[in-house]
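Below is one structure, written out as structure tokens; comments come after it.
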Amino acid sequence: MLSMQRHSKRFALIDCNNFYVSCERAFQPKLADRPIVVLSNNDGCIISRSNEVKSIGVPMGAPIFKWRKILDRYSTVVFSSNFPLYGDISSRIMSILAEYCADIEVYSIDEAFLNFANCTTDFAKEVQHMIMKCTSIPVSIGIGSTKTLAKIANKIAKQYLQYGGIFEIDGDLDIDNLLSTIDVSDIWGIGRKSTILLDAYGIKNAYELSKLPDRWVRKHLTITGLRTVQELRGIACSDIELHHARKKSIATTRSFGYEVNNLPELEQSISTYAARAAKKLRDQSSLASHISVFLHTNKFQDIIQYHQVRNIIFDEPTDYTPAIINAAISSIKHIYKDGYQYKKTGIVLSGITSNEYQQKGLFSENNYNRQRTINNLIDGINNKWGSDAIFFGSMGIKRNWRTVQNQHSRSYTTNIHDIIEVQ
DNA sequence: TCTGGGGTCCTAGGACCC
DNA sequence: TCTGGGGTCCTAGGACCC
């Protein structure tokens, strides 16, 4: 019975190829064969690469300045990240998937797991074709009896062009032989540290890992590692999660465009992040009971470093922007020290609860109806007229500290002024 | 010169209780 | 001066993911 259940499960992982790069290409087809990279905030790191750039050997997450010369030599097109665009394309792709399969788990901006128990590989081809037709985004599909195996199948689908972007790990294959071709570092859930540890014990590939005794794995790789190993053996430890869970923490953090050394600018930036985080909180109908504010210098520079965190527990859980800004400013004042060059600051809201019931403070004198009215008013104006249409004075006007984005593409699908023109 | 941001889960260890 | 055992809860930090 157990083994029947085991084999009745079938997961598909749909993963967009080089997603951010593909989004940029979708609106500039002339870039189809050009090497392209998309940069992180502040134009710092390379976070998406076209196949041409991958074949040059540029690694994921590399700082652009170290590779600029080589990329220029290949006439690489460089984009700053345009998350409104990528988010919009992503939601279009997810809606197409949802039309094909009700059991869908949106795993990340460019990936989704589907319950494929009753689907064929021909069906996968149809899904792939439809996404290309509607969005111009190429996707790869991996199928397996566990999510971990579907991930590996997806990797194979991407790697070997002869499969047309679709690969299934099923009972007809010599799975042990296939797993022995997969490096442990390429397994979902095995990161840098675990790879080093496994290497020290002579474990190089997925097959060797799958044969280790449970107790050893539990001891060295914790319970999460054991789940990964079970999944390599075809025993599903994780199912499709249909419902988008409420986030348990909400962060807004940024590096500055340049080093900041004065309190007023830090107060402006932390106010801005606080307002943004408060908005995210309200968008998921939550309250936060805890705020954490941090501040640090540039860890890559050979200078005297400073890093400090301040935690505050709210008297009562809140989603009220002024309350969150106040806590953020008082925190930053508390941890700020004169004489340092600061590179990054941010806030994290946690202790998240539903806004349906609000635990009131014992001595609270807050007027909740008034707070709600103000929240709704601000959100209403900003939703209609743009996210900065109305803002708090503490966020500053000039905001010189803001991140740098010099190669931004247009917001083709989310801003009417940026809509594409056809001549 | 130039190095992202936003999440989740797990564990160890401290505080506290009886 | 000597000073147990067992439990819970919380938090910081690490590892991992995209």
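The sequence lines fix the lettering, A, B, ..., with proteins before strands; numbering per chain opens at 1.
- Between Lys155(A) and Asp183(A) there is no salt bridge, since no side-chain N of the basic residue sits under 4.0 Å from a carboxylate O of the acidic one.
- Under the 4.5 Å side-chain criterion, counting only non-hydrogen atoms from C-beta, Leu281(A) is in contact with Ser286(A).
- Nearest-nucleotide assignment on DNA chain B puts the 5′-proximal partner with Asn41(A), out of Thr222(A) and Asn41(A).
- When distances are taken from the side chain of Ile47(A) to each of dG4(B), dC9(B), dA15(C), the shortest belongs to dG4(B).
- The nearest pair of heavy atoms linking Ile190(A) to Ser194(A) is CG2-CB, 3.9 Å.
- Looking at the side chain of Ser249(A), the nearest of the listed nucleotides dC2(B), dC17(C), dG7(B) is dG7(B).
- Residue Ala251(A) has its side chain nearest to dG7(B) when only dT3(B), dC17(C), dG7(B) are considered.
- Each of Val37(A), Val21(A), Val77(A) was compared with Val53(A) under the side chain to side chain contact (heavy atoms under 4.5 Å, CB included) criterion, and only Val37(A) meets it.
- Salt bridge Arg25(A)/Glu52(A): present, at least one basic N to carboxylate O contact under 4.0 Å.
- At a threshold of 4.0 angstrom between heavy atoms, the contacts of Ser81(A) with the nucleic acid are absent.
- Among all heavy-atom pairs drawn from Ala236(A) and Lys9(A), the shortest one is CB-CD, 3.8 Å.
- Nearest-nucleotide positions on DNA chain B for Arg246(A) and Phe300(A) put Phe300(A) closer to the 5' end.
- In this structure, the nucleotide among dC16(C), dC9(B), dC17(C) sitting nearest to the side chain of Ser194(A) is dC16(C).
- Here the separation of dC18(C) from dT3(B), taken at their P atoms, is 25 Å to the nearest Å.
- Of the candidate nucleotides dG6(B), dC9(B), dC18(C), dG6(B) has the atom nearest to the side chain of Arg254(A).
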Protein-nucleic acid N or O pairs under 3.5 Å, nucleotides 10-13 of chain C:
from    : atom 1 : to        : atom 2 : distance (Å)
dA12(C) : OP1    : Asn311(A) : ND2    : 3.1

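- Note on Ile187(A): only backbone sugar-phosphate atoms sit closer than 4.0 angstrom, heavy atoms only; bases stay farther off.
- A centroid separation of 6.0 Å or more is found between the aromatic rings of Phe113(A) and Phe11(A).
- Of the candidate nucleotides dC18(C), dC2(B), dA15(C), dC18(C) has the atom lying nearest to any side-chain atom of Tyr107(A).
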Table please: side-chain donor-acceptor pairs of residues 162-170 of chain A below 3.5 Å, with sequence neighbours left out.
from      : atom 1 : to        : atom 2 : distance (Å)
Glu168(A) : OE1    : Arg10(A)  : NH2    : 3.1
Glu168(A) : OE2    : Arg10(A)  : NE     : 2.8
Glu168(A) : OE2    : Arg10(A)  : NH2    : 3.3
Asp170(A) : OD1    : Asp172(A) : N      : 3.1

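- Counting only heavy atoms from C-beta on, Arg192(A) has its side chain closest to dC16(C) among dC9(B), dC16(C), dG7(B).
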| message | If a pair means Watson-Crick or G-U wobble with both distances below 3.5 Å, what does DNA chain B look like in dot-bracket form, with | marking bases paired to a different strand? | response | ....||||||||||||||
